[in-house]
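What follows is a set of notes on a single structure, which appears directly below.
Treat the numbers as computed from the prediction; the structure is a model and nothing was measured. Side chains are part of it too, since the values below use all heavy atoms of this structure and drop only hydrogens, waters and symmetry mates.
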Amino acid sequence: MPNAVNLNKKPHGWVEEIVSITTATKTLKATDSGKVFAFNKADGIVVTLPTCAAGLVFKFVVQTTFTTAGQINTAATDELYTGGLLINDPTIATDMNFFQPDVSDDDTIDLGAATQGWLAGGTIILTGLSATRWHVEGTLAGDGTLSTPFE
């Protein structure tokens, strides 16, 4: 493609800024857009997103397996998730399910159990589409009878 541009290039170079979350709560700001957040607290993390706006992008990596819930909450109950997440069970090659939010009240991604994708290795990318919609995409690792992480 002539004159191709790499849209992922950051002003500071090719390396994304990685932020390790080791506290129970983390409230993001719009200025955090473009960062990668690593979940590194097994006994639970609750992340609150900033007010949704078109163009904001956040990436989350489950670096440490949770033993209690890890959550990503929108800033307001009228800010909802669209898109979906694939959860696979790494011990059973054919055990994978794609879960989609119903876009009626899903304002929380809850990695509250192994069945909801709380094992290390998962990734979630959130992209602001408008003032009320976050597009979610990613792959999570789970175990047991896999179930939706959307609430």
Side-chain angles (χ1 to χ4, degrees), residues 6-11 16-90 92 94-151:
N6 185 330
L7 299 178
N8 293 322
K9 186 174 181 181
K10 304 297 177 205
E16 300 281 346
E17 182 177 348
I18 309 295
V19 178
S20 180
I21 302 175
T22 57
T23 58
T25 61
K26 177 76 173 172
T27 300
L28 302 184
K29 301 174 186 156
T31 55
D32 292 320
S33 181
K35 295 178 183 177
V36 176
F37 294 90
F39 291 137
N40 281 308
K41 185 176 184 304
D43 61 342
I45 296 171
V46 176
V47 172
T48 302
L49 297 170
T51 300
C52 192
L56 294 179
V57 178
F58 300 96
K59 182 174 184 177
F60 299 91
V61 176
V62 182
Q63 195 164 6
T64 300
T65 295
F66 287 106
T67 56
T68 59
Q71 293 184 337
I72 305 172
N73 299 320
T74 64
T77 57
D78 67 340
E79 295 179 15
L80 303 176
Y81 292 113
T82 65
L85 291 166
L86 178 69
I87 303 178
N88 68 55
D89 183 337
I92 304 171
T94 58
D95 189 7
M96 62 181 68
N97 291 288
F98 185 74
F99 296 98
Q100 292 181 283
D102 62 17
V103 196
S104 68
D105 61 355
D106 293 320
D107 60 355
T108 297
I109 296 172
D110 186 13
L111 308 182
T115 60
Q116 293 174 294
W118 78 3
L119 301 178
T123 60
I124 298 171
I125 299 171
L126 299 174
T127 304
L129 299 177
S130 70
T132 61
R133 294 294 180 268
W134 287 101
H135 178 78
V136 58
E137 59 184 299
T139 303
L140 297 170
D143 188 31
T145 303
L146 303 177
S147 60
T148 185
F150 296 105
E151 298 179 355

- prompt: Name the one of L56, T27, L28, I109 that satisfies side-chain contact (heavy atoms from CB on, under 4.5 Å) with L49?
  reply: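 Of L56, T27, L28, I109, side-chain contact (heavy atoms from CB on, under 4.5 Å) with L49 is met by L28 alone.
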
- prompt: Would you say the side chains of S104 and D102 form a donor-acceptor pair under 3.5 Å?
  reply: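 Indeed, the side chains of S104 and D102 share at least one donor-acceptor pair under 3.5 Å.
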
query: Looking only at side chains, do T48 and N73 share a donor and an acceptor under 3.5 Å apart?
result: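 Short answer, no.
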
- request: I would like to know whether F58 and I72 meet side-chain contact (heavy atoms from CB on, under 4.5 Å); could you show each step before the answer?
  value: CA-CA 11 Å; F58 300 96; I72 305 172; over 6 Å; no

[atom2] on [Y] to [atom1] on [X], rounded to 0.5 Å:
| X | Y | atom1 | atom2 | answer |
| --- | --- | --- | --- | --- |
| F60 | K35 | CZ | NZ | 11.5 Å |
| M96 | D89 | CE | CG | 9.5 Å |
| F150 | D105 | CZ | CG | 12.0 Å |

query: Residues in side chain to side chain donor-acceptor pair (under 3.5 Å) with N88, at least two apart?
result: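 Result, side chain to side chain donor-acceptor pair (under 3.5 Å) vs N88: none returned.
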
- prompt: Taking the six-membered ring where the residue is Trp, are the ring centres of F39 and F66 under 6.0 Å apart?
  reply: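 So the answer is yes for these two rings.
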
query: Under the criterion side-chain hydrogen bond (donor to acceptor under 3.5 Å, both in side chains), which of T22, T23, T64 is the partner of N40?
result: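 Among T22, T23, T64, the one that satisfies the side-chain hydrogen bond (donor to acceptor under 3.5 Å, both in side chains) with N40 is T64.
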
message: Any side-chain to backbone donor/acceptor pair from E79 onto C52? Under 3.5 Å, distance only.
response: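 Present.
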
Backbone N/O of V46 and side chain of T25: donor-acceptor pair under 3.5 Å: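 Not at all, since once roles are kept as given, no pair shorter than 3.5 Å links the two residues.
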
query: What pair of heavy atoms forms the shortest contact from L85 to P149, and how long is it?
result: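 Distance-wise, the nearest heavy atoms are CD1-CG, 3.9 Å.
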
field: Of all pairs that satisfy side chain to side chain donor-acceptor pair (under 3.5 Å), the ones with a partner from residues 138-151, not counting sequence neighbours
entry: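 Listed once each, the pairs are T115-S147.
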
task: Determine, stepwise, if the pair V62 / L119 fulfils side-chain contact (heavy atoms from CB on, under 4.5 Å).
output: CA-CA 7 Å; V62 182; L119 301 178; over 6 Å; no

